[in-house]
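Have a look at the structure below, then the notes.
Start at 1 with the first residue, then count along the sequence.
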Amino acid sequence: MSTSGYTSLPAGLPVPQDDGGARHLPGMRMPDIALSSTKGGAVSLAALTGRSVVFCYPRTGVPGEPLPEGWDAIPGARGCTPQACGFRDLAEDFRHQGARILAVSTQDTAFQREMAERLHLPFPVLSDAGLELTRQLSLPTFEAAGMTLLKRLTMVLDDGVVTHVLYPVFPPDRSAQEALAWIAAHPVTGGRS
């Protein structure tokens, strides 16, 4: 099991295929579920006004700890840290496009907070450890090492409604660039995001 290289992607990772797991999401309103945030308190995606980019990811690794057995062989599993860093590095560009960034995983807030501080993430990371949001939205998941984890996807929300979904996301280190390109090409009209 690999324990290093969380900030880069190894060559030869299997490419995830579109299994249709996110086709139902465009047009859906976010359920009013309070998700614990690394910034303190809780956030309901349903209550967000304006434009938001929400990237869902399986789980981030911890430096010095091994990845789950067979992690690199699971299509789309590897790359959460490079994905988060990509959004971090483009955060100001998203802001200029009138979009806020949020991240969601099924890891608990304490785990997420350590990662967010270590990576200097300027956006909130939300915990769906109870799988309530995942179940309400029927988000695509997979099982690994006894954990139910989100498949990697990015949702663009306008006033709490899904406008667009990027799925599957690959490679994850280009996820932020792809989301930014989409929102730049599809600006919000009539009002501030």
Whether Gln107 side chain and Thr60 backbone form a donor-acceptor pair below 3.5 Å: yes
Does one side chain, of Ser105 or Gln112, offer a donor that lies under 3.5 Å from an acceptor on the other? yes
Does the Gln136 side chain pair with the main chain of Thr134, one donor and one acceptor, at a distance under 3.5 Å? no
Over 60° means perpendicular and under 30° means parallel, so classify the ring planes of His186 and His164, tilted if in between. parallel
Side-chain touch Cys85/Phe87, heavy atoms, less than 4.5 angstrom: no
Checking side-chain contact (heavy atoms from CB on, under 4.5 Å) for the pair Ser175/Arg152: CA distance, chi angles, key distance, verdict? CA-CA 10 Å; Ser175 173; Arg152 196 180 310 282; 5.6 Å; no
Does any part of the side chain of Thr163, heavy atoms only, come nearer than 4.5 Å to the side chain of Pro26, both counted from C-beta? no
One should read off an interatomic distance between Glu143 CD and Ile74 CD1, to the nearest 0.5 angstrom, of 10.0 Å
Given 3.5 Å as the limit, does a donor-acceptor pair link the side chain of Arg100 with the main chain of Thr49, or not? yes
Quick one: does Arg88's side chain have a donor or acceptor within less than 3.5 Å of a partner on Gln83's backbone? no
Give me the atom names and distance for the closest heavy-atom approach of Pro16 to Pro75. CA-CB, 3.7 Å
Heavy-atom side-chain proximity of Leu149 to Thr141 below 4.5 angstrom: no
For Glu132, is the CD atom crowded, meaning more than 12 foreign heavy atoms sit under 6.0 Å from it? no
Would you mind reporting whether Met30 and Met155 have side-chain heavy atoms less than 4.5 Å apart? yes
CA sep, side-chain torsions, deciding dist, call: Leu153, Val54, side-chain contact (heavy atoms from CB on, under 4.5 Å): CA-CA 8 Å; Leu153 66 101; Val54 181; over 6 Å; no
Closest non-hydrogen atoms of Ala103 and Tyr57, given as atom of the first, atom of the second and distance, are CB-CE2, 3.9 Å
Leu48 reachable from Leu139 in the ILVMFWY side-chain graph, under 4.5 Å edges: yes
Pair Arg78-Leu9, side-chain contact (heavy atoms from CB on, under 4.5 Å): steps then yes or no: CA-CA 7 Å; Arg78 181 74 181 260; Leu9 296 172; 4.2 Å; yes
Under 4.5 Å between side-chain heavy atoms, counting indirect links through other Ile/Leu/Val/Met/Phe/Trp/Tyr residues: same cluster for Leu133 and Leu102 or not? yes
Scanning both residues in full, the closest heavy-atom pair of Val156 with Arg51 reads CG1-NE, 3.7 Å
Do Pro58 and Trp71 have side-chain heavy atoms sitting under 4.5 Å apart? yes
Ignoring hydrogens and angles, state whether a donor on the side chain of Asp32 or Ser44 is under 3.5 Å from an acceptor on the partner side chain. yes
Minimum heavy-atom distance Leu166-Ala179, with the two atoms named: CD1-CA, 3.6 Å
Hydrophobic clustering (ILVMFWY, side-chain heavy atoms < 4.5 Å, transitive) - are Val43 and Val125 grouped together? no
Nearest atoms (heavy-atom pairs only) where Asp72 meets Pro10: OD2-CG, 3.9 Å
Would you say the side chain of Met115 lies within less than 4.5 Å of the side chain of Leu121, judging by non-hydrogen atoms? yes
Could you give the distance from OG1 (Thr154) to CH2 (Trp182), rounded to the nearest 0.5 Å? 12.0 Å
Are Val162 and Leu45 connected, step by step, through hydrophobic side chains (Ile, Leu, Val, Met, Phe, Trp, Tyr) whose heavy atoms are closer than 4.5 Å? yes
Given side chains that start at C-beta, do those of Ser127 and Leu35 come closer than 4.5 Å, heavy atoms only? no
Single-linkage hydrophobic cluster, 4.5 Å side-chain cutoff, Leu119 and Phe111 together: no
Is there a donor-acceptor contact under 3.5 Å from the side chain of Thr106 to the main chain of Thr148? yes
Run the numbers on Tyr167 and Asp19 for side-chain contact (heavy atoms from CB on, under 4.5 Å), then give the verdict. CA-CA 9 Å; Tyr167 177 83; Asp19 58 7; 2.7 Å; yes
For Phe123 together with Phe94, are the ring centres under 6.0 Å from each other? no
Leu137 side chain near Pro31 side chain, heavy-atom distance below 4.5 Å: yes
